[in-house]
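Beneath this line is the structure, given in structure tokens, with notes to follow.
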Amino acid sequence: MEWKYSPKSIEKKWQEYWERERLFEVREDSGREKYYLLEMFPYPSGRIHMGHVRNYSIGDVVARHLRMRGLNVLHPMGWDAFGMPAENAAIKAKTHPAKWTYDNIDYMRSQLKKLGFSYDWSREFATCDVSYYRWEQLFFLLMYRKGLAYKRSAYVNWCNTCQTVLANEQVEGGACWRCDQPVIQKQMEQWFFKITDYAEELLDYTYKLPGWPERVLTMQQNWIGKSFGSRLVFPLESGDGEITVFTTRADTLFGATFMSIAPEHPLVTKLCRGKSQESDVLQFIERAKQAKRSDREADLLEKEGIFTGSHCINPVTGLKIPVYVANFVLMEYGTGAVMAVPAHDQRDFEFAGKYGLPVKVVIQPVDAVDPPKAEELTAAFEEDGVLVNSDAFSGMTSGEARDAITAFLAEKGLGETTVQYRLRDWGISRQRYWGAPIPIIYCDRCGTVPVPEKDLPVVLPTDVALLASGASPLPVHEPFVNTVCPECGGPGRRETDTMDTFVESSWYFARFACPGHDTGPLDLSRVGYWMPVDQYIGGIEHAVLHLLYSRFFVKVLRDMGYLDVDEPFLNLLTQGMVIKDGAKMSKSKGNVVDPDEMIEAYGADTVRLFCLFASPPEKDLEWSEQGVEGSFRFLSRMWRLVAENREKLLKAVKYDGERRLPTHLLDLHRKTHQTIKKVTDDIGERFHFNTAIAAVMELVNHMYQILESPPGDDELWPVFREAVESMILLVSPIVPHIAEELWHSMGYTESVLLQPWPKWRSEALQSEEVLIVVQVNGRLRSRITVPADASADQVQRTALEDPRIREFISGKTPRKVVVVPNRLVNIVV
RNA sequence: GCGAGAGUGGCGGAACUGGUAGACGCACUGGACUUAGGAUCCAGCCCUGCUGGCAGGAUGGGGGUUCAAUUCCCCCCUCUCGCACCA
């Protein structure tokens, strides 16, 4: 055995050994308890970054630990391989996205292997493999059949830089989530998945996922945005038609003095037709539509509107009120029309002030004597209160009135209570090449025709010439586009949009359970064993996006009979970012640390150890080269402990806990068992790897302490051997290479992975004497040592007899004495 | 604006159900070994005072509950994240 720890000479050896022995490959085994551990799979961008290293190190500790605890652990890895960077890189480097992607996968796989992660590589796949995305096309067809996939013309988020459409979830603060450029609104024909059909269930289950972080659930709840309200009908003054609004404040209906509708509202052109203001209105609409979404969202856009020239009738007052087009009304939410109540809505209040519209107070605060006067209002009163100026409804509370007014209108067919969601359908069309083709054919005679299942897959052609603009080459790829209509046999044209790559990541976790299955997407006999994922680990950035889509998709697949679970991920751990010099590591900031260089300099174990030790997983991790060196130093200390004492350790027989020991060895024996308990709890229950590591460091320090003053004791080496072996087993999930090497150097021939996780004995945790803190009036004054089994009375007596304590009490009689067993005594005088 | 989370030494962070605040590591200081060490080992290391041992003050600030508060409650300040004209 080398005297010096040198990771280079051991890491590769053990990686090859694990692979040769197929130690990470698993099969379903109904006789064993399963555990499905998954980390978010990476996009093959070229190289692994520190965020990945951290994510996968956390997962690997859990996987290795639970294997030693006897569970049948599925721990797979694959590639989220479709996506735009491949296209952009291919254009730049004059290569093909497929080649670029698969080359990156090869390199990144080698990086992951160098880090020693315990993946079952036999299950690996990439989502751009035809054998994967073909099943996604089948899902699309089944969803199409059920009306869950549909096409419509809609105003959508368009990113000019990426030359494609984005889903609402993919627009962050009005900018593209990928390239950060402003997004504009564009009307296009688009395919949607009807996620809104599942809004209620998606929301419902956010209250049934105790293993998820509260804030992720809150974010999803906000995103779904359920609100209870009413749909109310305002007939047009002209008599031919009506405007329906959604409102959560039906109680304020008597105060609705005008109407605001969205520029995109279908009635707008009709309402201004033939009126004197027609051309002004049309101009206004054009301007409003062109406004960037980023401005609209950032509240930069001034609130503006224009009178359409038409009126509608307030259904309870019977008064005619003007209809305005307003740039802040969103067509996508509710009905695209808002009843404006300036006295009780701040936005309407400002709008009314600007255009000289009437303000009518209909709610007064509960404790007010008189209703406030409209002309004295400086701001809208938006809270609930008591109704005034509202005919028969006056005197009701807001809550009562919401129901009563809606019911009153419902009788006339002019209203109903309803539930409104903020969530909108998931737009999945992407005008890009490197994605899964949408299996649809357009025929002049038959219209939109789904590709028959027997004709799947629709293979993405590889013989394409990429366009420098980034626009998809598919529409101009004649052999792909031109096809035959499956219904009439006449000429047909293929859909050239591809699917959003979030579709692939919405079911990959299920496919890992049966990766080679080729007669269907999922083999329920195997998938049923492994699903759901017991623990999912990844970045918080997917709190809404990927994690919401996946939940939706699982419910759809369940309803199709492909899955028998309601939710994909039982427990979720969202790990923090890797930070350097106070900022997230990124190329543009120039603060990236390359994992390869770190592995080269310190070895994989050190890199893993540092990632786990520097902070708890859910917090951000500040990268520190000195911290990395500290981690390396600790591994060296462990190494030397074994290397320098190997002969003596090998000769000793592990202490069995039976014979009596001198105090200092009993201390070590106890420390060993305390450490086993602490590490087991920290890794297994709390995921606090940093404190688990700290505990092992304490044990190692303790061992060095004992070696400082060699007592020449016969019992030393047996007890030491117990401590050393425990140490090796406890760190093995964290730093597997050095653990494997040390384990074998202790004379074992079987992998450390196959050892049972060490157990602590509770009797070994007990010490004969305990230290008790003595306080007087809550201030620490002395420490006493008492037998562990001393009664409260005895402890109290000993404390009161303590000379220091007597001094502090100085003759006074204690008013009260609190005794906390094994902890402290507090004397109140 | 709304929602969530967080504020502890020079730094990263401990303290699981209220019970010795600062485990463990980094940095720093001193010493040992050494031709030398940026290797290793040992010791010190929150602040203030006489400086041995103590005493007092410290967990963003203020108040409260309690024998006892980093931990529970109220108010305020700061930071981070998410949502943001949602009717």
Side-chain angles (χ1 to χ4, degrees), chain A residues 4 172-174 213-223 225 227 229 245-249 252 260 296-301 303 326-330 332-341 345-348 350-351 420-424 540-541 543-544 576-577 579 610 613-616 618-631 633-634 636-637 640 678 681-682 685-686 688 690-698 700-701 704-705 707-708 771-783 804 814-829:
Chain A
K4 224 177 134 213
E172 295 172 347
E214 191 59 40
R215 63 182 188 133
V216 174
L217 295 173
T218 308
M219 282 164 76
Q220 294 210 355
Q221 284 153 9
N222 292 342
W223 190 263
S227 53
V245 300
F246 170 74
T247 180
T248 54
R249 293 299 303 272
T252 64
S260 307
R296 263 175 105 152
E297 291 207 344
D299 209 5
L300 292 173
L301 209 64
K303 288 171 187 54
N327 63 352
F328 58 83
V329 180
L330 305 172
E332 309 91 74
Y333 185 74
T335 59
V338 188
M339 68 177 209
V341 186
D345 181 287
Q346 186 58 25
R347 201 181 37 206
D348 294 340
E350 287 164 23
F351 195 89
Q420 182 67 43
Y421 298 94
R422 206 189 76 111
L423 180 72
R424 284 163 225 162
I540 186 76
E541 65 272 18
V544 179
M577 292 185 296
I579 302 284
F610 176 74
F613 180 60
S615 67
E618 62 278 4
K619 279 208 191 177
D620 285 349
L621 180 146
E622 171 80 32
W623 192 264
S624 147
E625 183 98 14
Q626 283 165 332
V628 177
E629 277 172 27
S631 295
R633 210 172 298 154
F634 171 65
S636 302
R637 264 165 85 74
R640 278 199 318 274
K678 173 92 177 132
D681 288 349
D682 282 355
E685 314 295 327
R686 307 199 304 157
H688 281 199
N690 55 335
T691 50
I693 294 163
V696 179
M697 286 173 167
E698 282 189 58
V700 170
N701 290 346
Y704 271 97
Q705 288 283 317
L707 290 179
E708 267 303 288
L771 182 75
I772 301 280
V773 171
V774 187
Q775 299 178 330
V776 177
N777 290 335
R779 313 181 87 90
L780 173 64
R781 294 304 183 189
S782 185
R783 296 178 172 86
R804 285 187 41 78
R815 206 152 48 98
K816 186 175 178 183
V817 180
V818 182
V819 180
V820 182
N822 295 326
R823 272 259 140 85
L824 61 62
V825 177
N826 189 11
I827 300 158
V828 189
V829 294

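Note on naming: letters A, B, ... go to the chains in the order of the sequence lines (proteins, then strands), and numbering restarts at 1 for each one.
Glycosidic conformation at B:rG9 (O4'-C1'-N9-C4 for purines, O4'-C1'-N1-C2 for pyrimidines): syn, within 90° of 0.
Distance noted for atom P between B:rG38 and B:rA27: 12 Å (whole Å). Atom P of B:rG1 sits at a distance of 44 Å from the matching atom of B:rG49, rounded to the whole Å. Comparing B:rC16 with B:rA21, their C1' atoms are spaced 16 Å from each other, to the whole Å. Between B:rG22 and B:rG10, the distance separating the two P atoms is 16 Å to the nearest Å. Between the C1' atoms of B:rA87 and B:rC73, the separation comes to 37 Å (whole Å). Going from the C1' atom of B:rG62 to that of B:rU80 covers 24 Å, rounded to whole Å. Using atom P as the reference point in both B:rA84 and B:rU70, the two lie 40 Å apart (nearest Å). To the nearest whole angstrom, the two C1' atoms, one in B:rC24 and one in B:rC74, are 36 Å apart.
Within the 4.0 angstrom heavy-atom criterion, only backbone atoms of the sugar-phosphate kind lie near A:Val828; the bases stay farther away. Residue contacts for A:Ile540: at a heavy-atom cut-off of 4.0 Å it reaches no nucleic acid atom on any strand shown. Across all strands, A:Asp348 comes closer than 4.0 Å to no nucleic acid atom at all (heavy-atom distances).
Distances shown here put a side-chain N or O of A:Arg347 below 4.0 Å from the OP1 or OP2 atom of B:rC86. At least one side-chain nitrogen or oxygen of A:Arg804 sits closer than 4.0 Å to the OP1 or OP2 atom of B:rA55. Between A:Arg422 and the phosphate of B:rA87, there is no side-chain N or O to OP1/OP2 separation shorter than 4.0 Å. Contact annotation: A:Arg781 reaches the phosphate of B:rA55 (side-chain N/O to OP1 or OP2, under 4.0 Å). Note on A:Arg686: a side-chain N or O is less than 4.0 Å away from OP1 or OP2 of B:rA15.
Between A:Phe610 and A:Glu622, the shortest heavy-atom contact is CZ-O, 3.8 Å.
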For a quick check, with a 4.0 angstrom heavy-atom cut-off, what is the B/S/- contact string for nucleotides 21-38 of chain B, read 5' to 3'? --BBSSS-----------
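With a 3.5 Å limit on both pairing distances and Watson-Crick or G-U wobble geometry required, the stems of 3 or more pairs in RNA chain B span B:1-7 with B:77-83, B:10-12 with B:24-26, B:28-32 with B:40-44, B:46-50 with B:53-57, B:60-64 with B:72-76.
For B:rC85, its base sits under 3.5 Å from the side chain of A:Lys303 at one donor and acceptor pair at least. A donor and an acceptor atom sit less than 3.5 Å apart, one in the side chain of A:Asn826 and one in the base of B:rC67.
Residue-environment remark: CZ (A:Arg637) exceeds the threshold of 12 foreign heavy atoms within 6.0 Å.
For A:Arg215, counting side-chain heavy atoms from C-beta on, the closest listed nucleotide (B:rC86, B:rA4, B:rA87) is B:rA4.
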Tell me, with the steps shown, if A:Met577 and A:Leu621 meet side-chain contact (heavy atoms from CB on, under 4.5 Å). CA-CA 6 Å; A:Met577 292 185 296; A:Leu621 180 146; over 6 Å; no
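Each of A:Lys816 and A:Val544 was matched to the nucleotide of RNA chain B holding its nearest heavy atom; the match closer to the 5' end belongs to A:Lys816. Mapping A:Thr248 and A:Glu214 onto RNA chain B by nearest heavy atom places A:Glu214 closer to the 5' end of the strand.
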Between the protein and nucleotides 46-49 of chain B, which nitrogen or oxygen pairs come in under 3.5 angstrom?
none

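Taking the centre of each ring, A:Phe328 and A:Phe351 come in below the 6.0 Å mark.
Atom OG of A:Ser631 and atom CE of A:Met697 lie 6.0 Å apart (nearest 0.5 Å).
Following rounding to the nearest Å, A:Tyr704 (OH) and B:rU40 (C1') show an atom-to-atom distance of 9 Å.
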